[in-house]
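Nothing fancy with the numbering, it's 1 onward along the sequence.
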Amino acid sequence: MREQKSRLLWIFINVFVFALILLLTYITPLYADDIMNLKIFGTDIDIQNMGDVIESVKAYYATWGGRATAQFLIQFFLLYDKKLYDIVNAFIYVAMAYVMYQYIEPDRKRNNIMLLFIYLMLWFFMPTFGGEILWLTGSITYLWELLIVIAFGLVYYRACLTEEKERKAISSGLALIAALGMGIAGFLAGLSIEATSCTLMAALFFFAVWSIRRKRRFRIWEITGIIGALAGFCVLMLAPGNFSRYSHVAVEAAERSVLFEYIYRIFRETYYAFYYLTFPTGVCIALTLLAPKTAKRKLLFFPVLAFISVYVMTFSNGFATRIFVTPLVLLTIGIGLAVNSIRTESGGVTQDRKRQKLSFAVIACTLVLVALTQYATGVLRSIQTGETMYKEIGYILQDTSISQGLMP
């Protein structure tokens, strides 16, 4: 009976969140870069079929940037009624939370409090919720692409948790299919966006070093996945459009000395990291310090990756606060792992642990109430005033012909 209630609550939470995101996405109109992406890149010709989409992506890659996968998906969904994107986007949001949960609870089917915690972190600490979750161009570029990367990385994370003796042998046919699939998945993950792709490269490097030091045998699909990710990374970073775009963006930077420019960028990243990540970082570090000594090194992995994803932007002229969705996701995973580590050390269910569980439940319910109040206020305001719903940064919906330049 208890198991059935837990299952029903798990389903309810996910369906409820899906419905909320679906409504928010539905009332968010197309604007800014969405309007520009209705045309073949660099022209005034409307996109009407898949051939036009491919032609546009080729022009984008050659003249503006390497985010070919994101650009393809954006213009593909703009070919159809926006309701298709609304549904898929709500599903992607729920899938993101589920993949994050798989990092935190790899051996536990359902932990409703942990699932709720993930959703609350994604609501309260998302830098610009509308820009990363609701806006078509922004959500596909940042949320969807990040999901590809962390789902791909989950395979390697699970491999780290599996002892050599527990690894199951598979047939040569399945190994070949896995190798091909991981190669393709790795290529798509490497071809995501610059900050996330660089973070993925760092994570795969750590995985390779860890495997070599432990004298662990690489499986064929692990190798093809790494090769695919490296290939995608190179295609992303070496796009002709990146160099063309650099020549335009670097004009302002050229007025400052190289040393001053990089000092400025480091302070820029640090300022926004403090602005958006102070609470998640503080909680993650505090819980890591409380965790067992044997677990501390492992728990530091995700916070380190989080700040790699921030400071890798030091080498980029362009900068947008939307990149903070990646460190937020990584820090949330780190917090969840630290909580589990402390919970495991405390042993069986004691009276203290019951009180702790009740306290977490009360806090979670309070935050849910706050989130729902914000949600209702935002929806009503959006319907009443016509403003696009953003948290923290409000982009006001103006004329649909608005063109504010391309998203960095």
* **Tyr276 and Leu328: CA distance, side-chain angles, deciding distance, side chain to side chain contact (heavy atoms under 4.5 Å, CB included) verdict** => CA-CA 9 Å; Tyr276 290 116; Leu328 173 63; over 6 Å; no
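Taking the six-membered ring for Trp and the full ring otherwise, Tyr103 and Phe302 have centroids separated by under 6.0 Å. A ring-centre distance under 6.0 Å is found for Phe77 and Trp144.
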Result block: side-chain N/O donor-acceptor pairs under 3.5 angstrom for residues 5-13, not counting sequence neighbours:
unit_1 : atom_1 : unit_2 : atom_2 : d
Ser6   : OG     : Asn112 : ND2    : 3.3

Review item, side-chain donor-acceptor pairs of residues 196-208, under 3.5 Å, at least two apart:
unit_1 : atom_1 : unit_2 : atom_2 : d
Thr196 : OG1    : Thr326 : OG1    : 3.1
Ser197 : OG     : Gly190 : O      : 2.7
Thr199 : OG1    : Ala195 : O      : 2.8

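Salt bridge present: Arg67 and Glu194 bring a charged side-chain N and a carboxylate O closer than 4.0 Å.
For Phe91, the ring-ring contact (aromatic ring centres under 6.0 Å, His included) criterion is met by no residue, not counting sequence neighbours. Take Lys39 and apply the salt bridge (Lys or Arg N to Asp or Glu O under 4.0 Å) test, not counting sequence neighbours, and it matches Asp46. Taking Ile104 as the reference, Met114, Ile118, Ile333, Asn340 meet the side chain to side chain contact (heavy atoms under 4.5 Å, CB included) condition, with sequence neighbours excluded. Taking the salt bridge (Lys or Arg N to Asp or Glu O under 4.0 Å) definition, one finds that Lys58 meets it with nothing, sequence neighbours left out.
The two residues Glu222 and Tyr156 have their closest heavy-atom pair at O-OH, 2.8 Å.
Atom NZ of Lys298 sits in a sparse spot, with 12 or fewer heavy atoms from other residues, nucleotides or ligands closer than 6.0 Å.
If you check the side chains of Thr25 and Tyr93, you find no donor sitting under 3.5 Å from an acceptor.
Among Thr43, Ile47, Asn49, Ile40, the one residue that satisfies the side chain to side chain contact (heavy atoms under 4.5 Å, CB included) test with Glu55 is Ile40.
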